[in-house]
Amino acid sequence: MEEAIYFDNAATSWPKPKQVLHAIKYYLEEIGGSPGRSGHRMSISASRLVEETRETVGKVFNFHDTSRIVFTKNATEALNICIFSLLKPGDHAITSSTEHNSVMRPLRHLEKKGVSLSIVKCNSDGALNQEEILKELKRNTKLVVLTYASNVTGTILPVEEVASICKERNIPLLVDCAQTAGAIPMDINLDRFDNCIMAFTGHKSLFGPTGTGGMCIGSSINLSPLICGGTGSKSDKDMQPEFLPDQLESGTTNVIGLAGLKAGIDFLLKEGLSKIRKHEKELIKTFIDGAIHIKGIKIYGIKNQEKQVGIVSFTIKNMSPSIIGLILDRKYSIMCRIGLHCNPNAHKTNGTFPDGTIRFSFSYFNTIEQVEKSILALKEISMGKID
Amino acid sequence: MDGVITFFSSQQVMKAEKVLKKNGFNVMLIPGPREISPNCGTALCFEYKKEKEISSTLKKNKVVFEAIHYYPQVKKISKWIDS
């Protein structure tokens, strides 16, 4: 059996650093308690771990008000809390044509209830001109939602410029950091751009386990909970607390997941984001420079490692992405994701709807040699006269 | 294998695989061909000549599926994936 090559890190990263496994085991064996609840030593240890995880997440976002770092089960939940909190019938929202369904589906849901929507077109390589956002602003615009980087092409969007536009007009900007937190420096300073919310997932470039995510909430933003319940605080009242993070964190916290997330981010910080980014840029460049010469291949997106995260999307002429994905898995042990990547709009922008693309997404643990092997595999497949 | 069944949810695919294997059918999970269906990301391959038996087995076991298709593409690449 050939060595497995895992190129599906934009779905979830694998492998995780060993420290993540150790931290999860340590929580189960030694910490054990429920945080913020009981006040005995095991409960306090768990509370301490959760707060340390907030501090650790804060280092990634350069944001240190840990009361405004809220944990959710994934980026989708954080995005939903914000979208449902900040928009009501009669309001207007702006987003881009490369948003994931975690953004589009809640927005479309609210559109049916009377929220109006402007979807700003990205160009064919997935890039967005911030001036286009400016043109769509209306008197009743109450929210702008933007992905930091496309989950289909990897193209990075000008979020800092958009944050500035929104800040001048006091409009909240919700940034979907699912593909960028832990992959590139977070350029939005939430102390300056207090109108911004950064929603993140824990299990991709932050190396945590699935079931972890959250958001950093700028100080001018007020949200309301999607679910209410026990928080361990204000237990004398049957009303939901109005202070953060408790207001948005009902029910027992996923401490086991957060133990892993903290260890994942600690690993990332110890290695250094610049070293990780440099390696991923080399992987992207190696792939694009090698694959571009394959007969019949078309690579989508900006095709510039400086302007994209470790995601590449491509098709091979006259071949179904599904069949290519199957051959890559069965013959070459290369695992990737084919299809539409929960993002029909991005594929419509690319011109790859409805067949979709083949997506390779790299992590720090991938090697140049693996990328070179994948290029050879694609060359063989493209010459295989399969149809 | 030259038949493919598409589903709406991966829960249905997992259940279908279990039911069909238990009933002695030879099946294989593959990435869902988007040219056939935009729905579930995983589809199930089988020998198309057994279409009727498979369809009735799924129905009998209350497994919901989207559609059954003749899909010779997987057979064409069998030399690539059997090695």
Side-chain angles (χ1 to χ4, degrees), chain A residues 1-2 7-8 10-12 101 104-105 151-152 313 315-348 350-360 376-387, chain B residues 1-18 20-21 25-51 54 58 63-83:
Chain A
M1 190 71 184
E2 278 188 71
F7 282 168
D8 198 15
T12 193
N101 271 345
M104 287 315 298
R105 286 183 173 174
N151 72 307
V152 176
S313 226
T315 51
I316 296 177
K317 205 176 172 187
N318 298 328
M319 287 190 71
S320 153
S322 163
I323 290 293
I324 295 172
L326 184 61
I327 300 171
L328 285 170
D329 181 15
R330 297 299 173 99
K331 182 169 165 62
Y332 299 97
S333 296
I334 296 171
M335 285 164 278
C336 63
R337 181 163 172 193
I338 63 99
L340 296 172
H341 314 99
C342 294
N343 195 331
N345 288 356
H347 282 281
K348 283 174 185 164
N350 286 343
T352 49
F353 186 86
D355 287 4
T357 56
I358 301 116
R359 180 184 76 179
F360 283 1
L376 283 177
L378 291 173
K379 261 185 201 156
E380 285 183 17
I381 292 171
S382 73
M383 295 187 301
K385 293 183 183 139
I386 281 150
D387 283 331
Chain B
M1 293 186 193
D2 53 357
V4 74
I5 309 177
T6 55
F7 298 83
F8 297 101
S9 149
S10 86
Q11 180 273 329
Q12 295 160 350
V13 189
M14 296 304 127
K15 185 158 184 201
E17 184 193 33
K18 206 168 179 179
L20 293 174
K21 277 190 170 167
F25 293 102
N26 183 21
V27 298
M28 177 174 78
L29 298 184
I30 64 161
R34 292 297 172 196
E35 63 273 25
I36 298 182
S37 164
N39 287 312
C40 184
T42 309
L44 187 142
C45 269
F46 67 102
E47 299 291 345
Y48 194 69
K49 60 182 184 223
K50 299 205 169 150
E51 185 209 349
I54 282 199
L58 289 177
V63 183
V64 177
F65 58 93
E66 182 190 30
I68 298 185
H69 308 262
Y70 176 63
Y71 189 70
Q73 282 85 336
V74 172
K75 201 171 195 169
K76 284 185 192 164
I77 60 157
S78 58
K79 69 177 169 80
W80 288 73
I81 59 177
D82 290 342
S83 56

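Values reported hereafter were calculated over all heavy atoms of this structure, with side chains retained and with hydrogens, waters and symmetry mates removed.
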If you measure from [atom1] on [X] to [atom2] on [Y], what distance do you get to the nearest 0.5 Å?
X	Y	atom1	atom2	result
A:Leu326	B:Gln73	CG	CD	11.5 Å
A:Lys331	B:Ile77	NZ	CD1	11.0 Å
B:Arg34	A:Thr352	CZ	OG1	12.0 Å
B:Ile30	A:Asp329	CD1	CG	11.0 Å

Quiz item: Which residues satisfy the salt bridge (Lys or Arg N to Asp or Glu O under 4.0 Å) test with A:Asp355, sequence neighbours excluded?
Solution: none
Quiz item: If you look at every heavy atom in A:Ser322 and B:Pro31, which pair is closest and at what distance?
Solution: OG-O, 2.7 Å
Exercise. Against chain B, label A:Phe353 side chain, backbone, both or neither, depending on which of its atoms sit under 4.5 Å from a heavy atom there.
Key: neither
